[in-house]
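In what follows, a single structure is set out as structure tokens and then discussed.
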Amino acid sequence: MDIRVLNYFVTIVQTKSISNAAQVLHITQPTLSRQMKDLEDELDTTLFYRGSREIQLTEDGQYLYNRAIEILTMVNKTKSSIRRTEAISGDLYIGAAETQSLDILAQVTQKLTESHSETRVHLRSGNADFVQENLDQGIFDIGMTFGPFEKRKYNHLSLPNRDTWGVLVPKGHPLTEIENLKLVDVISYPLIVSAQSNVDFTVLSGLGDYRIVATYNLLYNASLLVKAGVGIALALDGIIPTDYDHSQLEFLKLQERGKDSLQVIWKKQGTLSPVAKEFLTILEKQLQ
């Protein structure tokens with residue numbers, strides 16, 4: 001399997017047919033079909049369901065597509081970092097938690113792209129597990145996470161955390177009648193909580209029995225469960241807008257307003273690209 005064939009495969013999936021892909025790639029359709037048949041023979045599997053008007057992937061085909069995107073991203077990043085050493089240019093991939101404190105990275109991104117016109121920043125959202133997994137695989141250059149992290153594994157810059165924990169509830173929920181809301185008031189209701197592995201629930205267990213009915217990694221999806229009456233979501237303030245007249249939700253701040261650490265992290269054993277180094281340099285100045 002080589003990079004050229006992987007690119008052919010991804011192009012077929014994205015253009016939805018071999019004939020469309022052949023036009024984009026400027027090769028003949030029979031040549032492209034033969035390349036895909038050779039790829040299937042090499043992998044000893046079937047990648048496409050034949051006979052449909054648009055390309056439909058098998059389970060193995062979908063797996064290969066997901067991995068191929070990661071591989072091609074890594075190849076392009078590597079080429080960009082090696083070829084362009086004098087000017088700051090190329091792609092920067094950042095994985096970040098959902099937070100209104102992301103604005104500091106937005107400001108750094110603005111300064112980076114304004115000063116270096118040939119840079120592009122790709123932002124991907126997810127929880128700490130998602131961010132660290134992609135950092136470890138080399139897909140992300142930099143990550144922003146809440147809570148504990150392995151300091152032996154990652155370098156970091158601490159960020160000011162302006163987020164506050166609370167609970168997302170439907171409007172008119174009984175908890176809205178409590179003036180000074182505490183966790184002990186919350187645990188009697190079905191809970192929707194973050195799925196990331198570094199979340200510590202011992203603070204809840206110390207308060208009595210509680211029931212987790214669902215978990216989430218992006219709060220927007222959790223908000224739909226709250227609207228549907230599945231439960232109430234422990235979450236950060238400022239992520240889901242609740243100040244509009246048509247909003248069906250309300251965010252209630254907890255009296256226990258402890259804040260997790262917030263940091264930018266990157267691999268200690270990795271080699272940062274020039275654009276990643278420049279981003280961190282600008283960030284350090286911003287923090288000062």
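The figures here come from the full heavy-atom set of this structure, side chains too, leaving out hydrogens, waters and symmetry mates.
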- Task: Find out if a path of hydrophobic residues (ILVMFWY) with successive side-chain heavy-atom gaps under 4.5 Å connects Leu43 to Leu6.
- Result: yes
- Item | Flag, side chain of Lys37 to backbone of Leu32, donor-acceptor distance under 3.5 Å | no
- Query: With distance as the sole test, does Thr99 use its side chain to make a donor-acceptor pair with the main-chain N or O of Ser101 at under 3.5 Å?
  - Reply: yes
- Task: Taking the side chain as every heavy atom from C-beta outward, state whether Tyr65 and Phe9 have any atom pair closer than 4.5 Å.
- Result: yes
- What distance separates Glu250 CD from Lys171 NZ, expressed to the nearest 0.5 Å? 6.5 Å
- Sub-4.5 Å side-chain heavy-atom contact between Ile142 and Ile265: no
- Residues Trp266, Leu157; criterion side chain to side chain contact (heavy atoms under 4.5 Å, CB included); working and verdict: CA-CA 9 Å; Trp266 64 97; Leu157 286 173; 4.0 Å; yes
- Ser125 side, atom OG; Leu102 side, atom CG - distance, nearest 0.5 Å: 7.5 Å
- Same cluster for Leu72 and Val24 if Ile/Leu/Val/Met/Phe/Trp/Tyr side chains link at under 4.5 Å? no
- Task: Decide yes or no for Leu123 and Tyr93: does some side-chain heavy atom of the first lie under 4.5 Å from some side-chain heavy atom of the second?
- Result: no
- Is there side-chain contact between Leu224 and Tyr220, with heavy atoms separated by less than 4.5 Å? yes
- Item | Check against side chain to side chain contact (heavy atoms under 4.5 Å, CB included), Leu159 and Leu283 | CA-CA 10 Å; Leu159 301 178; Leu283 175 59; 4.2 Å; yes
- Atom pair CD/OG1 of Glu114 and Thr109 - distance to nearest 0.5 Å: 12.5 Å
- Task: Compare every heavy atom of Ile192 with every heavy atom of Tyr216, then report the nearest pair and how far apart it is.
- Result: CD2-CG2, 3.8 Å
- Query: Between Gln132 and Thr145, does any side-chain donor sit less than 3.5 Å from a side-chain acceptor?
  - Reply: no
- Query: Shared ILVMFWY cluster between Leu57 and Ile12, side chains joined below 4.5 angstrom?
  - Reply: yes
- Message: Looking at Lys151, I want to see if its NZ is surrounded by more than 12 non-hydrogen atoms of other residues, nucleotides or ligands under 6.0 Å.
- Response: no
- Item | Backbone N/O of Ala106 and side chain of Asp103: donor-acceptor pair under 3.5 Å | no
- Query: Can we say Asp141 and Lys267 salt-bridge, meaning some charged N sits less than 4.0 Å from an Asp/Glu carboxylate O?
  - Reply: no
- Note on the structure: Scanning both residues in full, the closest heavy-atom pair of Leu225 with Ala214 reads CD1-CB, 3.9 Å
- Min side-chain heavy-atom separation Phe48-Thr58 under 4.5 Å: no
- Message: I need the Lys111 NZ to Thr281 OG1 distance, nearest 0.5 Å.
- Response: 13.0 Å
- Query: Hey, does Leu168 have a side-chain heavy atom less than 4.5 Å from the side chain of Ser223?
  - Reply: yes
- Task: Could you tell me whether a side-chain N or O of Gln137 sits under 3.5 Å from a main-chain N or O of Glu70, the two making a donor and an acceptor?
- Result: no
- Query: Do Glu98 side-chain atoms and Leu219 backbone N/O form a donor-acceptor pair below 3.5 Å?
  - Reply: yes
- Query: Has the side chain of Asn217 got a donor or acceptor atom that lies under 3.5 Å from a matching backbone atom of Asn127?
  - Reply: no
- How far does CZ of Arg34 sit from CD of Gln29, to the nearest 0.5 angstrom? 12.5 Å
- Message: Within the structure provided, determine whether Ile104 and Gln286 are in side-chain contact (heavy-atom separation under 4.5 Å).
- Response: yes
- Please name the pair of heavy atoms, one in Ser261 and one in Pro148, separated by the smallest distance, quoted to 0.1 Å. OG-N, 4.4 Å
- Query: Do Thr176 and Leu181 pass the side chain to side chain contact (heavy atoms under 4.5 Å, CB included) test, and can you show the C-alpha distance, the side-chain angles, and the key distance before you say yes or no?
  - Reply: CA-CA 9 Å; Thr176 61; Leu181 188 67; over 6 Å; no
- Message: Just verifying a value: how many Å separate Asn7 CG and Gln14 CD, rounded to the nearest 0.5 Å?
- Response: 8.5 Å
- Here the pair of heavy atoms bringing Glu40 nearest to Leu47 is OE2-N, 2.7 Å
- Message: Whether the Asp60 and Thr45 side chains hold a donor-acceptor pair (N or O, under 3.5 Å, no angle test) is what I'd like checked.
- Response: yes
- Verify whether the ring centers belonging to Phe140 and His122 lie closer than 6.0 Å. no
- Query: So with a 6.0 Å cut-off around CZ of Arg211, is the heavy-atom count from everything else above 12?
  - Reply: no
- Under the side chain to side chain contact (heavy atoms under 4.5 Å, CB included) criterion, do Leu39 and Glu42 qualify, and how do the steps go? CA-CA 5 Å; Leu39 180 60; Glu42 179 184 352; 4.2 Å; yes
- Message: Could you check whether any side-chain N or O of Lys227 sits under 3.5 Å from a backbone N or O of Leu249, counting only pairs where one atom can act as donor and the other as acceptor?
- Response: no
- Note on the structure: Scanning both residues in full, the closest heavy-atom pair of Asp185 with Asn180 reads OD2-O, 4.1 Å
- Item | For Thr164 against Phe251, the heavy-atom pair lying closest together | O-CZ, 3.7 Å
- Item | Heavy-atom donor-acceptor pair, Asn134 side chain to Phe130 backbone, under 3.5 Å | yes
- Query: Hey, quick one: are Leu287 and Phe146 part of the same hydrophobic cluster, counting side-chain heavy atoms closer than 4.5 Å, chains of contacts allowed?
  - Reply: yes
- Using atom types as modelled and distance alone, determine if a side-chain donor or acceptor of Thr31 lies under 3.5 Å from a backbone N or O of Ile27. no
- Task: Report whether Val5 and Val75 are members of the same hydrophobic cluster (ILVMFWY, side-chain heavy atoms less than 4.5 Å apart, transitive linking).
- Result: yes
- Item | Sub-4.5 Å side-chain heavy-atom contact between Lys253 and Asp237 | yes
- Query: Are any side-chain N or O atoms of His173 and backbone N or O atoms of Leu175, one a donor and one an acceptor, separated by less than 3.5 Å?
  - Reply: yes
- Query: Taking atom CG of Asp44 as the centre, does the number of heavy atoms from other residues, nucleotides or ligands within less than 6.0 Å exceed 12?
  - Reply: no
